[in-house]
Amino acid sequence: MASQKKKLQGLVAATITPMTEHGEINFSVIGQYVDYLVEEQGVKNIFVNGTTGEGLSLSVSERRQVAEEWMTKGRNKLDQVVIHVGALSLKESQELARHAAEIGADGIAVIAPFFLKPWNKDVLINFLKEVAAAAPALPFYYYHIPALTGVKIRAEELLDGIQEKIPTFQGLKFSDTDLLDFGQCVDQNRERQFAFLFGVDEQLLSALVMGATGAVGSTYNYLGKKTNQMLEAFERKDFSSALNHQFCIQRFINFVLKLGFGVSQTKAIMTLVSGIPMGPPRPPLQRASREFIDEAKARLESLDFLSSTDLKDRNLESCS
Ligand SMILES: CC(=O)N[C@H](C=O)[C@@H](O)[C@H](O)[C@H](O)CO
Ligand SMILES: CC(=O)C(=O)O
């Protein structure tokens with residue numbers, strides 16, 4: 001039963017989908033990628049085929065294969081694998097949900113359909129419910145990302161009474177900066193065992209204060225270790241250390257955001273930091289520029305986020 005599953009906690013890396021130079025999925029590096037997350041970043045949960053994974057740019061068949069590969073390579077190594085199964089077609093979404101159940105995933109997540117959009121809460125819930133029903137034993141997470149879907153129905157409103165409609169509802173992945181909405185999701189559901197997973201990595205500390213139980217994000221692929229240090233400091237109520245860690249992370253994210261930061265840039269950064277080739281993104285995205293890569297690399301080095309370098313002595317802003 002879904003409700004007996006252990007709660008999803010801590011950091012969840014939104015996985016990149018590695019690709020070859022020819023734009024095909026590069027399954028061959030996923031095993032290495034799992035080991036890197038677990039051993040180097042201390043991250044044992046993953047969120048597959050989401051924004052970072054270019055899930056909506058993959059075919060249904062590719063999405064199934066990617067999910068299977070992560071499940072296979074993650075066996076006995078990862079704690080939880082959540083598969084994003086959102087799609088514009090309800091049928092496709094249901095197929096992916098059933099498939100996630102078949103391969104033994106720990107949960108499914110769904111974004112709001114973003115072309116022909118649900119215009120109110122009830123319409124959105126009805127769509128989500130149909131998807132959830134295709135995998136009745138799997139924990140279900142709603143993936144709230146209004147800036148990308150254009151569906152701005154507040155999460156707080158959506159959560160009101162959701163378990164009556166979707167019995168497998170287990171939590172929320174909240175990728176928005178509206179901490180009033182996020183805080184109210186937590187406050188109004190205190191007696192329920194929901195997971196409140198925050199998705200704006202540069203603001204995670206504020207969300208922890210608001211009651212986040214975990215976080216899903218792209219930067220946990222390569223800043224997982226650093227972010228785990230922040231979580232540990234927060235746990236032991238050492239707020240000044242936690243804030244220092246958050247500021248370090250912010251310095252990097254702020255820097256790359258100003259250069260222009262998205263999935264393409266995440267692929268380039270992960271390639272730099274992990275040494276595992278993530279390849280180019282799929283059109284319409286375009287690969288990160290040489291200038292971006294050089295500047296990001298220099299910044300990673302100065303913040304000590306690139307372990308291979310030894311700049312510590314002349315480094316004033318080092319975050320280690
Ligand atoms: C829009 C987007 O991709 N958001 C990611 C997850 O939800 C985050 O992990 C961001 O990449 C990160 O917070 C940097 O802004
Ligand atoms: C960041 C995130 O959660 C995603 O890539 O879907």
Side-chain angles (χ1 to χ4, degrees), residues 11-26 29 33 37 41 43 46-59 62-63 66 82 84 86-88 109 111-115 143-152 173-178 197-204 207 215-224 226-227 249-274 276-300 303 305-306:
L11 295 186
V12 183
T15 56
I16 293 162
T17 301
M19 289 180 192
T20 66
E21 291 305 312
H22 303 292
E24 296 300 321
I25 296 169
N26 184 3
V29 299
Y33 191 164
L37 288 176
Q41 299 295 339
V43 172
I46 58 172
F47 186 86
V48 175
N49 288 337
T51 308
T52 305
E54 299 171 87
L56 278 305
S57 304
L58 307 179
S59 69
E62 286 177 320
R63 291 175 71 169
V66 169
V82 175
H84 172 250
L88 291 181
I111 52 169
F114 51 89
F115 187 67
Y143 180 178
H144 181 64
I145 183 156
L148 287 185
T149 60
V151 175
K152 303 199 188 297
K173 171 188 175 341
F174 189 94
S175 287
D176 188 42
T177 53
D178 183 348
L197 307 165
F198 196 65
V200 183
D201 312 358
E202 54 276 38
Q203 301 181 349
L204 176 57
V216 187
S218 67
T219 65
Y220 309 135
N221 283 294
Y222 52 92
L223 296 181
K226 188 78 204 164
T227 310
I249 292 163
Q250 283 194 345
R251 280 181 218 152
F252 179 71
I253 298 181
N254 192 49
F255 180 78
V256 290
L257 281 173
K258 285 195 277 187
L259 294 175
F261 181 69
V263 173
S264 314
Q265 289 71 25
T266 293
K267 287 186 120 160
I269 295 169
M270 182 61 171
T271 303
L272 273 176
V273 181
S274 69
I276 306 170
M278 294 295 143
R282 178 167 286 180
L285 297 184
Q286 288 198 296
R287 71 172 81 224
S289 67
R290 190 69 250 169
E291 298 72 57
F292 175 88
I293 297 172
D294 292 343
E295 293 202 45
K297 180 159 186 273
R299 192 66 175 178
L300 285 163
L303 290 165
F305 289 161
L306 252 183

If you define the side chain from C-beta out and look only at heavy atoms, does anything of [X] sit under 4.5 Å from [Y]?
| X | Y | value |
| --- | --- | --- |
| Phe174 | Leu197 | no |
| Asp201 | Leu223 | no |
| Val66 | Ile25 | yes |
| Ile253 | Thr219 | yes |
| Leu259 | Glu295 | yes |

> Glu54: what forms a salt bridge (Lys or Arg N to Asp or Glu O under 4.0 Å) with it, not counting sequence neighbours?
Replying inline: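 Testing Glu54 for salt bridge (Lys or Arg N to Asp or Glu O under 4.0 Å), a comparison that skips the adjacent residues, returns Lys267.
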
Which residues pass the side chain to side chain contact (heavy atoms under 4.5 Å, CB included) test with [X], not counting sequence neighbours?
| X | answer |
| --- | --- |
| Pro113 | Leu88, Pro118, Leu124, Phe127 |
| Ser274 | Tyr36, Met270, Ile276, Met278 |
| Ala288 | Gln265, Ala268, Phe292, Ile293 |
| Gln203 | Thr177, Phe198, Val200 |

> Which heavy atom in Val256 sits nearest to a heavy atom in Ala296, and how many Å separate them?
Replying inline: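 That would be CG1-CB, 4.3 Å.
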
>> Quick check: closest heavy atoms across Pro277 and Thr271, and the distance to 0.1 Å?
In response: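 For Pro277 and Thr271, the tightest heavy-atom pair comes out as CA-CG2, 3.9 Å.
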
Could you pull out all residues at least two apart from [X] that satisfy side chain to side chain donor-acceptor pair (under 3.5 Å)?
| X | answer |
| --- | --- |
| Tyr222 | none |
| Ser175 | Lys173 |
| Asn26 | Ser28 |
| Thr51 | Tyr143 |

> Quick one: ring pair (Phe, Tyr, Trp, His ring centres under 6.0 Å) partners of Tyr33, sequence neighbours excluded?
Replying inline: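 In terms of ring pair (Phe, Tyr, Trp, His ring centres under 6.0 Å), with neighbours along the sequence ignored, Tyr33 is linked to Trp70.
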
> Checking side-chain contact (heavy atoms from CB on, under 4.5 Å) for the pair Ile269/Phe305: CA distance, chi angles, key distance, verdict?
Replying inline: CA-CA 11 Å; Ile269 295 169; Phe305 289 161; over 6 Å; no

Hey, what do you get for [atom1] ([X]) to [atom2] ([Y]), rounding to the nearest 0.5 Å?
| X | Y | atom1 | atom2 | result |
| --- | --- | --- | --- | --- |
| Phe115 | Thr149 | CZ | OG1 | 14.0 Å |
| Ser289 | Asp294 | OG | CG | 8.5 Å |
| Thr266 | Phe261 | OG1 | CZ | 3.5 Å |

Solution key, residues 11-23 side-chain donor-acceptor pairs under 3.5 Å, sequence neighbours excluded:
from: Thr15; atom 1: OG1; to: Phe47; atom 2: O; distance (Å): 3.3
from: Thr17; atom 1: OG1; to: Gly53; atom 2: O; distance (Å): 2.6
from: Thr20; atom 1: OG1; to: His22; atom 2: N; distance (Å): 3.2
from: Thr20; atom 1: OG1; to: Gly23; atom 2: N; distance (Å): 3.4
from: Thr20; atom 1: OG1; to: Glu24; atom 2: N; distance (Å): 3.2
from: Thr20; atom 1: OG1; to: Glu24; atom 2: O; distance (Å): 3.4
from: Glu21; atom 1: OE1; to: Arg287; atom 2: NH1; distance (Å): 3.3
from: Glu21; atom 1: OE1; to: Arg287; atom 2: NH2; distance (Å): 3.1

Say whether, by atom type as modelled, one donor and one acceptor occur between the side chain of [X] and the main chain of [Y] under 3.5 angstrom.
| X | Y | value |
| --- | --- | --- |
| Gln250 | Glu202 | yes |
| Asn221 | Ser218 | yes |
| Asn49 | Arg63 | yes |

>> So that I can tick it off, tell me whether Glu62 and Arg282 are bridged by a salt bridge, with the cut-off set at under 4.0 angstrom between side-chain N and carboxylate O.
In response: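 A salt bridge is present here (some side-chain N lies under 4.0 Å from a carboxylate O).
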
> Which is it for Gln41 and Tyr220 under the side-chain contact (heavy atoms from CB on, under 4.5 Å) test, yes or no, and what are the steps along the way?
Replying inline: CA-CA 8 Å; Gln41 299 295 339; Tyr220 309 135; over 6 Å; no

